[in-house]
Amino acid sequence: MNPTRNFVSDFREAAPYIHYLRGKTLVVGTVSGLLAGEPLKRLAADFNLLASLGVRLVWVHGARCQIDQVITEHGGTPQYYRHRRITDDTTLTHAKYAVGALRYDIEAALCSSLPQSPRRSKPLTVAAGNFLSARPLGVIDGIDMGYSGVIRKIDTEAVLNRLDQQALVLISPMGYSLSGKTFSLDMYEAAAALAVALKAEKLIYLVGQDGILDSEGRLKTNLSAQEATDLAQQQPDSPQSRLLRHAVHAVENGVTRSQILNGYQDGGLLQELFTRNGSGTSIARNAFAKVRQADSLDIPDIMALIRPLEEQGILVRRSQAYLETHIHTFCVLEHDRHIYGCAALKTFAGHNSGEIACLAVSPDTRDGGCGERLLEHLCQAARRQGLTRLFALSTHTGEWFVERGFQPAAPETLPPERYQEYTANGRNSKVFVYPLGETV
Ligand code: COA
Ligand code: ARG
């Protein structure tokens with residue numbers, strides 16, 4: 001394909017996301033393996049790009065590999081219990097050393113002027129500090145977890161102030177107690193807690209796998225909170241389950257989306273944020289697509305859906321003016337601020353019949369039940385309006401309606417005004433009728 005055409009269509013796909021992300025807060029948690037070499041450089045460049053688009057960024061970094069390495073270099077063996085580090089005095093000293101060094105590396109990477117960086121002359125300001133207070137995890141199953149802690153409070157106001165000053169807020173997995181002690185924290189937990197406290201738009205985990213995988217290793221691209229919880233329960237002690245539980249906690253407490261993706265994939269973060277299908281797993285509180293009443297802002301999307309079908313003669317042509325005056329009769333199927341389907345319910349004055357019209361689902365979303373959801377929505381709307389029969393006129397899709405309980409009917413059974421139009425337009429569509437009162 002012509003590369004320019006690719007660029008143009010990709011840019012068009014990205015445009016609504018660029019607009020939507022401006023001014024939004026994203027909390028990004030990154031596993032420690034990503035924080036060196038090329039992956040770190042690429043991440044820093046992508047964060048610079050996002051900041052230049054007005055995205056408010058909170059970067060929560062892990063430090064597991066770096067702490068393990070310092071412990072090993074000093075002749076020790078990292079100790080864990082239930083995926084949490086056991087932090088004795090010596091381990092805490094090593095952890096402070098490792099996290100301090102890592103922070104310098106991250107700050108340096110954020111300053112480095114990459115050829116493609118949009119902020120070559122002015123580096124992104126980084127704000128770090130004592131934003132997290134912590135308390136000890138305590139003794140678990142008889143094991144003293146030492147200086148491993150859990151978050152007690154977040155200084156949300158201080159973080160928000162730094163974000164308002166256009167700084168990237170960098171959070172290390174360390175928290176402080178009121179008695180002045182330092183505790184090592186879990187990156188996943190810290191990121192989820194921050195996302196909730198800041199009422200972030202998104203919580204993003206950049207990890208070492210492609211996203212959330214099912215038991216056969218296949219990527220799950222979209223999950224509802226319930227589906228994610230069910231998946232977590234399949235292997236309750238696995239690292240993926242821990243990740244899922246934090247991701248679900250965030251969406252159940254006000255964060256719009258938790259997204260989990262492969263941080264090693266060059267451009268994976270940008271692909272997730274600026275394309276419709278993303279690159280990893282997106283988790284939202286509720287099932288993703290919803291049917292809602294259309295409004296005039298949906299007209300360009302509806303036109304984009306129906307024009308190709310009109311050109312093929314599958315749908316009758318509707319002008320923009322027609323759509324503007326009849327938009328109140330339309331419903332749309334929306335997913336992630338994109339319109340994937342539409343349908344209209346036409347009613348006839350003095351008649352208790354309605355017509356399902358202009359039913360269309362975008363080609364890349366067909367066979368997923370969207371058409372049926374739109375139909376169901378209109379059946380319910382028709383019942384609420386006290387209609388007793390629904391018609392559908394179709395040149396190509398009769399079987400689809402028949403399989404959903406519609407029956408062939410004679411054109412003469414149409415409301416008189418519709419019958420007149422039917423005979424005048426010469427489309428010779430087949431007529432189907434559905435008696436309301438029965439469930440579709
Ligand atoms: N005739 C018969 N069956 C059809 C069909 C057709 N023209 N188009 C799709 N189907 C079948 C699919 O094969 C699939 O069957 P399966 O579940 O056995 O695999 C099933 O319908 C899919 O149903 P669903 O997922 O609920 O529908 P959808 O989201 O794919 O949307 C349409 C269905 C008809 C709205 C969609 O195919 C479309 O937009 N078509 C073009 C526009 C059109 O014909 N509109 C109706 C004008 S009256
Ligand atoms: N770009 C959109 C967003 O960030 C959609 C991403 C969809 N991602 C997915 N894994 N299904 O919200």
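Order of appearance sets the numbers: ligands from 1, and atoms from 1 within every ligand. Along the sequence shown, residues carry numbers from 1. Scope of the values below: all heavy atoms of this structure, side chains included, with no hydrogens, waters or symmetry mates.
A distance-only check finds no donor-acceptor pair linking the side chain of E189 to the backbone of V150 [under 3.5 Å]. Remark: the backbone N or O of V248 is not paired with any side-chain donor or acceptor of S258 at under 3.5 angstrom. Remark: side-chain polar atoms of E310 are not paired, donor with acceptor, to backbone N or O of L315 under 3.5 angstrom. Of the possible polar contacts, one joining the T281 side chain to the K220 backbone as a donor-acceptor pair under 3.5 Å is found.
Dense packing is recorded around CD of Q385, with more than 12 heavy atoms of other residues, nucleotides or ligands lying under 6.0 Å away. Counting non-hydrogen atoms of other residues, nucleotides and ligands closer than 6.0 Å to CZ of R152 gives a total of 12 or fewer.
Residue N277 touches ligand 2 through its backbone alone, judged by heavy-atom distances below 4.0 Å. When non-hydrogen atoms are compared, ligand 2 lies under 4.0 Å from the backbone of E272 as well as from its side chain.
Shown in contact with T221 at under 4.0 Å from a heavy atom are these atoms of ligand 2, numbered in order with element: 9 (C), 10 (N), 11 (N). Near T275, the atoms of ligand 2 lying under 4.0 angstrom from a non-hydrogen atom of the residue are 1 (N), 2 (C), 5 (C), 6 (C). Every atom of ligand 2 with a heavy atom of L273 under 4.0 Å away is listed here by number and element: 1 (N), 4 (O). Numbered from 1 in the order shown, with element, the atoms of ligand 2 that lie under 4.0 Å from a heavy atom of S282 read 8 (N), 9 (C), 10 (N), 11 (N). Interface atoms of ligand 2 facing T281, defined by a heavy-atom separation under 4.0 Å, are 10 (N).
Aromatic ring pairs are classed by plane angle as parallel below 30°, tilted from 30° to 60° and perpendicular above 60°; the pair Y340 and H338 is tilted.
Protein neighbours of ligand 1 below 4.0 Å, counting non-hydrogen atoms: L309, I314, L315, L359, A360, V361, R366, D367, G368, G369, C370, G371, E372, L393, S394, H396, T397, E399, W400, F401, R404.
Ranked by closest heavy atom to atom 10 (N) of ligand 2, the top entry among G280, A284, A14, P16 is G280.
Side-chain contact of Q226 with D230: a donor-acceptor pair under 3.5 Å is present, judged by distance alone.
Checked by distance only, ligand 2 and S279 stay at 3.5 Å or farther apart across all their nitrogen or oxygen atoms. Backbone and side-chain nitrogen or oxygen atoms of N222 are examined, and one is located within less than 3.5 angstrom of a nitrogen or oxygen of ligand 2.
When ring centroids are compared, F432 and F406 stay outside the 6.0 Å threshold.
Taking a cutoff of 4.0 Å between a charged side-chain nitrogen and a carboxylate oxygen, R82 and D237 do not qualify as a salt bridge.
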Between R103 and S172, does a side-chain hydrogen bond (donor to acceptor under 3.5 Å, both in side chains) hold up when you go through it step by step?
CA-CA 8 Å; R103 195 133 110 189; S172 297; 3.0 Å; yes

